[in-house]
Amino acid sequence: MKHVRKFLTPASVILVVVLAIVFGDAVVERVSYAANKGANIADREALAELSKHDQLSELFRTVAKTVKPSVVEVRIKKRVSVPQMPDFENFSDFGLPSRRRRSPRRPQPQQPRYFLQRGLGSGVIVDADKGHILTNHHVVGGADEVEIILADGRKFKAKKVLSDPQTDLAVVKINADGLIAAPLGDSDKMQVGDWVLAIGSPEGLHQTVTAGIISAKGRVTGRGGYENFLQTDAAINHGNSGGPLVNMRGEIIGINAAIVSRTGVNEGLGLAIPSNMAGNVMKQLIKSGKVVRGFLGVTIQDVDEKLAGSFKLPSPDGALVTRVAKDSPAGQAGIKEEDFIVAINAGPVKNVNDLRNRVAGLTPGSEAKFTLYRDGKKKIVTVKIVAQPADMRTALGVGKEKKVAPERYGLEVQTLTEALAARGGYGKGAKGVLVVKVAPESDAAERGLLAGMIIDSVGGRKVTTADEFASAVSAAGGKPLRLRVNIPDGGR
């Protein structure tokens with residue numbers, strides 16, 4: 001055996017060398033493939049072990065399975081009138097020759113013509129016993145027919161539709177058995193980074209589930225109404241409107257309402273109405289068919305760091321009162337212009353939008369404690385809230401509010417006369433100095449000051465003449481100025 005081994009060893013070496021020369025690339029590839037395949041097998045074995053600890057997928061599955069029976073598809077039909085066409089039977093009436101003369105015909109009334117406009121959205125059952133479904137106003141508002149398709153495929157016509165355009169919320173009632181409702185959660189407890197699922201019928205794809213997080217809170221689009229959106233990156237598209245945004249306990253923490261997009265489709269910027277706002281509106285709609293909001297009777301503006309410093313405020317968080325309506329709850333309680341509201345019933349006020357939403361949510365007839373700063377000192381004022389009037393502009397006595405707070409010079413003014421006031425559209429009794437010129441690229445121009453506005457206060461000091469204005473400016477010693485500015489429609 002030893003002799004044979006000595007003989008084979010050199011031959012084996014020679015054979016390997018020859019094979020390597022002749023089949024070198026193929027051998028290398030097979031050896032490399034075997035190594036990669038072995039590594040891939042090892043990776044899959046590791047993944048199989050790791051997947052045993054995948055709690056997130058199991059959580060998503062459970063939440064989706066729990067909530068989906070409560071999510072519905074909303075289909076609407078709306079009759080839209082078609083403009084009537086003129087009667088072309090007698091062409092000669094339009095300057096064209098007719099083949100034979102006819103006696104004039106009396107015009108015949110045309111029957112109204114319509115076409116059906118169809119829409120699609122989502123909703124969520126919030127009361128199984130009474131058949132109440134929460135959705136968006138823009139989904140069902142103005143519809144002639146609303147059809148609800150349940151998760152199990154059953155279809156029902158809406159028996160009642162109640163909506164509130166101010167918050168873009170609506171409640172639809174159906175008569176059905178075997179419904180499963182989803183509970184409303186506390187949207188105030190949601191934090192940026194919390195996991196959420198959006199469920200609905202985007203583009204008509206029934207019972208679609210997407211996952212994401214809360215990206216931000218308190219978003220405002222500026223489209224009007226009452227807004228305090230939760231922002232999420234869970235995919236939301238056309239058809240998701242009215243569907244629920246739920247937390248990991250399967251609770252509704254938002255009603256999907258809008259997207260921010262340049263293309264009209266999801267770009268990761270979805271907006272949902274917080275459940276706390278939705279719950280309050282829903283209860284009022286069900287109880288009385290309308291929403292009654294609280295009214296304070298002030299116009300307000302946000303402030304920045306510099307303006308806050310000029311008022312000796314601890315921070316810019318809050319809202320500055322720029323006008324108090326006559327005989328309003330605020331006026332009767334002693335709230336004054338240039339008060340800075342920082343809290344309602346001990347709850348901090350963040351900004352103008354927050355104060356507006358908080359006041360609207362107060363019950364008419366109730367009393368609320370407003371914490372404010374006046375001349376740098378903290379005060380608490382008790383206000384008896386009344387119902388919001390139908391015409392807010394008239395109740396406040398102003399038009400569209402202008403926010404003007406210049407901080408450096410660049411203004412040319414002159415003493416206001418009755419003739420100048422009348423020419424500028426101001427009423428009798430207007431006092432102050434008239435802005436006749438604003439220097440381009442000055443801070444005053446950047447802040448929105450325009451020729452024709454009236455300044456009646458500089459740093460809290462009233463001015464009625466150009467000399468008084470110059471004196472007040474001089475007294476500021478080159479420091480930033482706080483000006484109170486009036487515009488013709490009554491805004492200040």
Side-chain angles (χ1 to χ4, degrees), residues 56 59-60 63 67 122 124 134-138 166-169 182 184-200 202 208-281 300-305 308 315-319 342-344 347-361 403:
L56 187 58
L59 179 59
F60 284 175
V63 172
V67 179
S122 303
V124 59
L134 196 55
T135 185
N136 287 139
H137 164 77
H138 79 259
Q166 292 273 49
T167 53
D168 192 23
L169 288 165
L184 289 174
D186 187 349
S187 53
D188 288 344
K189 291 183 178 179
M190 296 301 295
Q191 300 296 321
V192 173
D194 286 348
W195 280 107
V196 289
L197 297 184
I199 309 177
T208 297
V209 181
T210 54
I213 62 169
I214 295 294
S215 305
K217 299 176 67 177
R219 289 295 193 216
V220 179
T221 66
R223 299 172 185 172
Y226 291 90
E227 299 182 338
N228 188 30
F229 292 117
L230 297 174
Q231 181 184 326
T232 179
D233 63 350
I236 294 175
N237 282 295
H238 299 294
N240 270 117
S241 291
L245 189 70
V246 299
N247 60 20
M248 293 300 99
R249 291 181 294 278
E251 299 169 333
I252 304 166
I253 52 89
I255 298 297
N256 300 319
I259 59 174
V260 179
S261 172
R262 291 170 294 180
T263 62
V265 296
N266 174 62
E267 294 182 2
L269 299 171
L271 302 175
I273 302 165
S275 58
N276 289 355
M277 178 183 287
N280 179 46
V281 170
I300 49 180
Q301 74 171 61
D302 289 318
V303 303
D304 58 16
E305 292 282 354
S315 80
D317 294 340
V342 296
I344 301 177
V349 170
K350 299 176 184 177
N351 49 39
V352 163
N353 188 65
D354 188 28
L355 176 62
R356 186 167 174 262
N357 289 336
R358 297 274 297 282
V359 170
K403 298 177 181 179

*Any idea which heavy atoms bring Asn136 and Ala257 closest together, and the distance?*
OD1-CA, 3.6 Å
*How long is the gap from OG on Ser275 to CG on Asn280, to the nearest 0.5 Å?*
11.5 Å
*Does any N or O in the side chain of Arg358 come within less than 3.5 Å of the main-chain N or O of Ala343, such that one atom is a donor and the other an acceptor?*
no
_Ile259 and Leu269, any side-chain heavy atoms less than 4.5 Å apart_ = no
_Quick check against the 3.5 Å criterion: does Glu227 have a side-chain atom that pairs as donor or acceptor with the backbone of Gly222?_
yes
*Do the side chain of Ser122 and the main chain of Gly242 share a donor and acceptor less than 3.5 angstrom apart?*
no
*Rounded to the nearest 0.5 Å, what's the gap from CD1 on Ile214 to CG on Asp194? Could you check?*
7.0 Å
*asked:* Between Asp233 and Ile213 (side chain of the first, backbone of the second, donor and acceptor by atom type, cut-off under 3.5 Å), is there such a pair?
replied: yes
*So, for Arg223 and Ala258, which heavy atoms are closest and what is the spacing to 0.1 Å?*
NH1-CB, 3.9 Å
*Given His138 and Asp168, is the side chain to side chain donor-acceptor pair (under 3.5 Å) satisfied, shown in steps?*
CA-CA 6 Å; His138 79 259; Asp168 192 23; 2.8 Å; yes
*asked:* Determine whether a donor-acceptor pair (N or O, by modelled atom type, separation under 3.5 Å) exists between the side chain of Asn240 and the backbone of Asn237.
replied: yes
*Walk me through it: do Val220 and Phe229 pass the test side chain to side chain contact (heavy atoms under 4.5 Å, CB included)?*
CA-CA 7 Å; Val220 179; Phe229 292 117; over 6 Å; no
_Minimal non-hydrogen separation, Val192 against Ser215, with atom names_ = CG1-O, 3.6 Å
*Worked verdict on Ile252 versus Val124 for side chain to side chain contact (heavy atoms under 4.5 Å, CB included)*: CA-CA 9 Å; Ile252 304 166; Val124 59; 3.6 Å; yes
*Could you walk me through whether Val342 and Val349 pass side chain to side chain contact (heavy atoms under 4.5 Å, CB included), step by step?*
CA-CA 5 Å; Val342 296; Val349 170; 5.7 Å; no
*Does any N or O in the side chain of Asn256 come within less than 3.5 Å of the main-chain N or O of Gly243, such that one atom is a donor and the other an acceptor?*
yes
*Atom CG of Leu134 and atom CD1 of Ile255: how far apart are they, to the nearest 0.5 Å?*
4.0 Å
*Between the side chain of Lys217 and the main-chain N/O of Asn228, is any donor-acceptor distance below 3.5 Å?*
no
*Roughly how far, to the nearest 0.5 Å, is CD1 of Ile253 from NZ of Lys189?*
13.5 Å
*Has the side chain of Arg249 got a donor or acceptor atom that lies under 3.5 Å from a matching backbone atom of Gly185?*
no
*Any side-chain heavy atom of Glu251 sitting closer than 4.5 Å to one from Val246?*
no
_Side chains of Tyr226 and Asn353 in contact at under 4.5 Å (non-hydrogen atoms)_ = no
*Measuring from Leu271:CG to Ile236:CD1, what's the distance to the nearest 0.5 Å?*
7.5 Å
_Quick one, Leu197 and Val67 - any side-chain contact, counting heavy atoms below 4.5 Å?_
no
*Heavy-atom check, side chain of Ile273 versus side chain of Leu169, under 4.5 Å*: yes
*What's the spacing between Asn266 CG and Ser261 OG if we round to 0.5 Å?*
7.5 Å
*Asn276 and Asp186 side chains, donor-acceptor separation under 3.5 Å*: yes
_Step-by-step side chain to side chain contact (heavy atoms under 4.5 Å, CB included) determination, Leu59 to Met248_ = CA-CA 7 Å; Leu59 179 59; Met248 293 300 99; 3.7 Å; yes
*asked:* Any side-chain to backbone donor/acceptor pair from Asn247 onto Gly250? Under 3.5 Å, distance only.
replied: yes
